[in-house]
Amino acid sequence: MIVVIGEILIDIFPSYQRIGGAPFNFAYHLKQLGFGVRFFTRVGDDDHGHRILDFMENRGFDAEDVQIDQRHPTGTVQVALDSNGVPHFDIRENVAYDHLSLESAMGSKAQDARMIYFGSLIQRSANGYGQVQEFLRSSTEQTTCFCDINMRPPHVNPRAIDDSLHRADILKVNEEELDDIRRRLGGPPSADPFVSWLMARYAISTLAITQGSRGSTIVSGDLPIHHLMSGRDDVVDTVGAGDGYAAILAAGHINRIPWETVIDQASVFAARICRIPGAIPDDEHFYDQPRLLMKGNANGR
Ligand SMILES: OC[C@H]1O[C@](O)(CO)[C@@H](O)[C@@H]1O
């Protein structure tokens with residue numbers, strides 16, 4: 001079982017609306033790939049919240065894991081796109097997910113999950129920070145903690161970043177986020193020594209760095225593995241590309257697929273997410289190929 005905690009929200013683009021939020025996007029992909037997933041989140045008792053609940057129930061999520069907040073609205077984000085489809089997010093504050101309670105998750109078997117995914121946006125509020133960190137503290141040693149730092153200034157809580165890095169076994173960041181972390185922490189000024197320093201300081205076993213249309217790098221063990229892209233074509237928007245990448249990374253880790261294969265598949269999947277509006281596809285056949293490719297491998301790691 002993979003346990004995902006965090007926000008779900010409505011991405012409001014200039015001419016369409018999509019369900020989003022990095023934890024939800026991640027959870028959705030893994031569920032479609034055939035993994036057992038529980039997703040703990042919170043929505044408002046409003047039209048957006050009802051739409052989200054209907055959607056999740058239709059796609060087989062457990063509605064009991066979705067709290068309904070009577071006082072705060074469902075999270076929304078205004079998304080503006082530049083000419084390359086790269087988003088600028090204007091994220092509404094004090095919404096339902098900021099008031100998530102993980103009490104029911106802590107009272108269940110969720111701490112025994114094989115993997116827990118968490119991010120940093122939900123930790124912008126004192127409540128979200130406290131809940132996430134308490135949940136992580138109560139997890140067992142066997143659980144892999146997958147942390148996706150989503151720096152969305154000004155929605156950044158520096159203490160949450162530091163604590164989250166301490167909890168992370170697998171860390172996924174983009175290159176701007178890595179720079180931001182470097183500025184906050186100090187450490188070696190150049191890229192490779194900083195990565196080694198960061199991984200040693202926080203006992204991170206695997207670090208993935210996405211570099212937009214230029215590719216990505218996975219560092220796990222001694223050698224970094226690079227994947228170079230030859231640019232992206234047909235981009236609608238890049239919203240959720242990193243979340244798709246993270247989902248394939250998690251699937252590859254769980255099924256012990258060699259990182260060389262994982263990085264290729266994660267890159268292909270992220271590029272496909274860029275060709276659809278928003279972060280998750282409508283077409284259920286979207287997952288046919290990755291579902292086959294990400295099924296364990298006898299020659300795996
Ligand atoms: O963090 C806010 C934004 O990030 C995303 O999750 C994509 O990674 C969007 O769906 C959301 O609006």
Side-chain angles (χ1 to χ4, degrees), residues 4-30 39-44 48-49 51-52 55-56 73-82 84-98 100 117-125 128-129 132 146-157 160-161 164 171-178 180 208-213 216 232 235-250 266 269-282:
V4 180
I5 53 182
E7 68 276 8
I8 190 166
L9 47 83
I10 301 287
D11 280 326
I12 305 176
F13 293 78
S15 53
Y16 46 85
Q17 298 189 357
R18 307 287 296 166
I19 298 177
F24 168 69
N25 301 334
F26 177 91
Y28 186 82
H29 295 314
L30 284 165
F39 176 45
F40 292 92
T41 192
R42 190 173 180 104
V43 297
H48 287 324
R51 175 181 162 208
I52 286 173
F55 182 84
M56 290 183 69
T74 301
T76 51
V77 174
Q78 299 287 338
V79 187
L81 299 176
D82 73 11
N84 296 318
V86 177
H88 169 79
F89 298 119
D90 185 1
I91 306 175
R92 184 165 180 185
E93 293 195 51
N94 197 20
V95 293
Y97 64 73
D98 291 308
L100 175 66
Y117 168 102
F118 66 102
S120 51
L121 177 59
I122 188 134
Q123 298 186 70
R124 68 181 176 175
S125 69
Y129 170 50
V132 168
F146 189 118
C147 174
D148 187 350
I149 295 283
N150 282 117
M151 298 271 198
R152 307 282 193 241
H155 308 271
V156 180
N157 169 354
I161 303 295
S164 297
L171 175 68
K172 197 228 123 224
V173 287
N174 66 33
E175 55 190 340
E176 291 85 30
E177 288 159 348
L178 191 64
D180 190 327
I209 307 158
T210 56
Q211 292 141 324
S213 59
S216 63
R232 284 180 184 155
V235 171
V236 176
D237 65 65
T238 66
V239 174
D243 309 331
Y245 187 101
I248 300 292
L249 193 66
F269 191 79
R272 290 178 64 214
I273 294 291
C274 293
R275 288 188 213 114
I276 58 162
I280 54 168
D282 288 328

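Ligands are counted one by one from 1 in listed order, and the atoms in each one are counted from 1 as well. Note that the structure is a prediction, hence the values are computed from the model and not measured. Numbers here simply count residues along the sequence, with the first being 1. Atoms considered below: every heavy atom in the structure, side chains included; atoms not considered: hydrogens, waters and symmetry mates.
For the atom pair NE2 of H88 and CZ of R152, the computed distance is 11.0 Å after rounding to the nearest 0.5 Å. For the atom pair CZ of F89 and NE2 of H155, the computed distance is 11.0 Å after rounding to the nearest 0.5 Å. One distance of note links CD1 of I161 with CE of M151; it measures 4.0 Å at 0.5 Å rounding. Taking CG of L81 as the reference point, atom OG1 of T238 lies at 7.5 Å (rounded to 0.5 Å).
Among all protein heavy atoms, the one lying closest to atom 1 (O) of ligand 1 is R152 NE, 2.8 Å. At the top of the distance list for atom 6 (O) of ligand 1, counting protein heavy atoms only, stands A22 N, 2.7 Å.
Considering every non-hydrogen atom in both C274 and A241, the closest pair reads SG-CB, 3.8 Å. The two atoms that bring V95 and R124 nearest to each other are CG2-NH2, 3.7 Å, heavy atoms only. Looking at every heavy atom in both residues, N150 comes nearest to A22 through OD1-CB, 3.2 Å.
Looking at D282 and R18, a side-chain N of the basic residue comes within less than 4.0 Å of a carboxylate O on the acidic one, giving a salt bridge.
Interface atoms of ligand 1 facing N25, defined by a heavy-atom separation under 4.0 Å, are 6 (O), 10 (O). For ligand 1, the atoms closer than 4.0 angstrom to any heavy atom of V77 are 12 (O). For ligand 1, the atoms lying closer than 4.0 Å to a non-hydrogen atom of G20 are 10 (O). Near G21, meaning under 4.0 Å from one of its heavy atoms, ligand 1 places the atoms 6 (O), 9 (C), 10 (O). Within ligand 1, counting atoms from 1 as listed, the ones closer than 4.0 Å to a heavy atom of L121 are 1 (O). Against a heavy-atom cut-off of under 4.0 Å, F89 is close to the following atoms of ligand 1: 3 (C), 4 (O), 12 (O). The atoms of ligand 1 that sit less than 4.0 Å from any heavy atom of L9 are 11 (C), 12 (O).
Neither the backbone nor the side chain of V79 comes within contact range of ligand 1; no heavy atom lies under 4.0 Å.
Below 3.5 Å of separation, one finds an N or O of D243 facing an N or O of ligand 1. Considering backbone and side-chain atoms together, V239 places no N or O closer than 3.5 Å to any N or O of ligand 1.
For G240, the closest heavy-atom approach to ligand 1 falls below 4.0 Å. The shortest separation from a heavy atom of G242 to ligand 1 is not under 4.0 Å, leaving the residue out of contact.
The distance between the ring centers of F24 and Y97 does not fall below 6.0 angstrom.
Side-chain contact between I19 and M56: absent, with no pair of heavy atoms (C-beta onward) separated by less than 4.5 Å.
Scanning I273, I10, T76, D11 for the heavy atom closest to atom 12 (O) of ligand 1 points to D11.
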